[in-house]
Amino acid sequence: MDEGRGKRIGERLARARTLLGEFYAAPYRGAVARARRDEDDLFMLFVFAEMMGVPNPAAYYTLELQPLLLERFHEWHTRMGLEHSPLDHFRCC
Amino acid sequence: MTVSPLLAALVCLAAYGVAYHFYARFLANRVFALDPTRPTPAVRHRDDVDYVPANRYVLFGHQYASITGLSPMLGPAIAVIWGWLPAMLWVVLGAIFIGAVHDFGALVVSIRARGMSLGKVTENLVGRRGKTLFHLVIFFLIALAMGVFVHVIAVLFSPDFYPEAVLPSGVLIGVAVAMGVAVHRGGWGIRGLTLVGLAAALALAFLGIRYPVVGPSLAQWKWLLLAYAFAASVLPVWLLLQPRDYINSLLLYVGVGAMFVGFAATNPSFAAPAVDLSPAGAPPIVPFVFVVIACGAASGFHALVSSGTSAKQIATEGDARFVGYGAMVGESLLGLMAVLACTAGFVSRQAWLERYESWQAADGLGNNIAAFVRGTTHFLETLGIPEAIGGTFVAVIVVSFALTSLDSATRLLRYNVSEMGETLGVAALGNRYLASAVAIAAIWVFAFIQVDGEFAGLILWQLFGTTNQLLAGLALLAVTLYLLRRGKPLVYTAAPMGFMLASTLTVMGTNLVGFWTAGQWLLLATAAIVFTLAVWLVAEAALAVARFRRNPVLDGLEVVFRKE
């Protein structure tokens, strides 16, 4: 078999694999992404609950996560139906 | 003169080809005015979550696998009691002129409406009442169909039919869950898993024959299946639904391919008569054949798939014909195979008559589906697959179709219940466990309903068919109103809509009288509701057209269908 043909077959196989992967993922991409987002939202609540006056036993342990999540804070509070940052000392927008 | 089934099948295939090439192209160009350069929702609203441009073959594969379930096999398996010709004609012509047009139209309208679901589109085109109507129709549709499916699976698992399919079906669920975990959590590649999954499915057929599962009674199986449906409805999709759908689609392609090759190699002759207008105890062929065969010829359920997921992922409008019309032709092929298997898959007229002696003999839905399994097994035998193995393999495929429909449809029903709860202001129904429980309760009613001590299978099947065609009428109404607004020809969608409504109303009218005379109150109530919904739909259609005549530019529409 000459090299060009082998390469073409290789490319086709790679393409078939990509399509198969898409075929697996595509129909449920939205549902999975939404489920993951819900989980993330719950996580945000865990981290920021204490600041909003919701007693949270894990507050002490989640404190150091706050700076890491700040970038996502705006997106989260708007999704939770709060137009502006719910925290007095914590201006977001 | 005797007609060879092979010849008949070839004629049908040619008809599909011509229809796809000419009629679908005509619809695409002249009626829907598709423009490959116009950005689709997947392109314009791309968010890589819901809106993602997808490869057309991937999309076709998904659309095909989602619309194809147990129904295109079961409907024809019942309807061949009137002979092979009417069933075949309705499967082929119905798909070409009604079913595929419906799927295609729903897809196009949804693409033009930013990928909105059909419910939302209906709300915009028909009004708020239209949405309520839509929710109710879907509720009955899914509950009825799943009640029948639960019964059919339970019967197939019973010792009289295919107890050897139990073990493979159960283990396949386990394989799917393992696969879901491996892909989602372990980041495994899809290639190895595909091979493992398929190999497992095939190997399991042998295991099943070795260890048939006999024990649970019919009622116990039904309870187990309902429990499974509940679990599937609340579990994350990546764990069960996603891998199961995937394995199932592959099985579908392998299975249907093998059946057609086997059929061609067998080159059988028809054991059934071409036409039998008055089989003992059967209702009149017109209009009943049009609702007994729903999926495979025309099905409103498909509009949910077209308008929900596919429309959000289509990369160019040019792909809509292939995905919308093409996938329906694909499903109709399975319907055609079912007709062939149940009429030419029998060794003699005598063997056929034993199954289809009368409507009552065909009454057990399990008997019907067994006719399909037996026919296709006969075709597979020609390919050198022993009867026992082939039979189990086909039975496993049939069961896994029914099970995947059951798990995804229960989830759909749960969403439906939640949305209705929202409309009614019952916030509690937003809870997934409660909504699932309500969904399961509705399925339970129809899974256990009895008439004269026998399961009301065939009657429920007709009710399902009617509701399904009603939904098709509703979707076609939305498409027609859209075309009306666009100043495009209406007849290609309005005529199918009229046909669907006329057959639905006639069947329901006949059934209502029957249930009343027999004193079947639960069935009467269900049928009355469906009948009312049908009349309601006709009224909405008339009102919507009248509204449009008075005021050609409707406010609600303007927002949705902005001119590009």
Side-chain angles (χ1 to χ4, degrees), chain A residues 1 5-49 52 54 56 58 65 68-83 86 92-93, chain B residues 42 47-66 115 176 179-180 182-184 187-195 197-198 234-250 253 305 308-310 312-315 408 411-412 415 432:
Chain A
M1 189 177 6
R5 200 166 147 215
K7 210 172 156 191
R8 271 205 307 280
I9 293 177
E11 275 168 14
R12 284 218 180 121
L13 278 178
R15 191 169 150 69
R17 204 177 308 151
T18 320
L19 282 181
L20 214 56
E22 265 297 288
F23 186 56
Y24 187 89
Y28 288 99
R29 193 180 280 121
V32 171
R34 259 190 300 277
R36 180 165 292 164
R37 200 184 63 190
D38 287 348
E39 245 171 55
D40 283 351
D41 285 349
L42 187 67
F43 183 60
M44 292 291 278
L45 181 67
F46 260 109
V47 176
F48 290 100
M52 294 190 292
V54 182
N56 174 9
L65 288 171
L68 299 173
L69 295 176
L70 271 185
E71 280 185 24
R72 280 147 65 185
F73 187 74
H74 173 70
E75 204 191 317
W76 176 66
H77 77 68
T78 43
R79 199 165 43 241
M80 293 299 107
L82 305 163
E83 209 174 308
C92 171
C93 47
Chain B
D47 61 2
D48 287 322
V49 176
D50 292 308
Y51 295 92
V52 195
N55 177 285
R56 66 200 296 240
Y57 296 103
V58 171
L59 216 49
F60 176 92
H62 173 232
Q63 168 100 2
Y64 178 52
S66 313
M179 194 169 163
V183 172
H184 191 76
W188 282 34
I190 203 75
R191 187 179 40 161
L193 288 171
T194 305
L195 293 175
L198 271 183
V234 294
L235 285 175
V237 286
W238 58 262
L239 184 61
L240 183 63
L241 257 57
Q242 187 174 26
R244 236 183 113 57
D245 254 16
Y246 179 78
I247 298 180
N248 205 49
S249 314
L250 295 181
Y253 293 119
V305 180
T309 34
S310 296
K312 291 193 181 83
Q313 301 191 358
I314 207 146
S408 42
R411 210 180 184 86
L412 277 180
Y415 294 149
R432 68 167 118 163

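Numbers restart at 1 for each chain; the letters A, B, ... are given by sequence-line order, proteins then strands.
With chain B as partner, the option from A/Glu22, A/Arg34, A/Arg37 having the largest number of non-hydrogen pairs under 4.5 angstrom is A/Arg34. The greatest number of non-hydrogen atom pairs below 4.5 Å with chain A, out of B/Pro243, B/Ser249, B/Ala54, B/Ser310, is found for B/Pro243.
For B/Asp48, the part lying near chain A is the backbone, with the side chain staying farther off; criterion is any non-hydrogen pair under 4.5 Å. Using a 4.5 Å cut-off between heavy atoms, A/Ala26 touches chain B through backbone and side chain atoms alike. Interface residue B/Leu241: backbone and side-chain heavy atoms are both found under 4.5 Å from chain A. Residue B/Ser66 does not touch chain A at all, counting heavy-atom pairs closer than 4.5 Å. Contacts of B/Gln242 with chain A are made by both backbone and side-chain atoms, with heavy-atom separations under 4.5 Å.
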- Report the C-alpha separation of B/Thr309 and A/Tyr28 in whole Å, then their side-chain angles, then the decisive distance to 0.1 Å, and conclude whether the side chain to side chain contact (heavy atoms under 4.5 Å, CB included) test is met. CA-CA 9 Å; B/Thr309 34; A/Tyr28 288 99; over 6 Å; no
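Closest of all the heavy-atom pairs between A/Phe23 and B/Gly61 is CE1-C, 3.4 Å.
B/Phe60 meets the ring-ring contact (aromatic ring centres under 6.0 Å, His included) test with B/Phe322; sequence neighbours excluded.
To the nearest 0.5 Å, atom CZ of residue A/Arg29 and atom NZ of residue B/Lys312 are 13.5 Å apart. Expressed to the nearest 0.5 Å, how far OH of A/Tyr24 lies from CG of B/Leu250 amounts to 11.0 Å.
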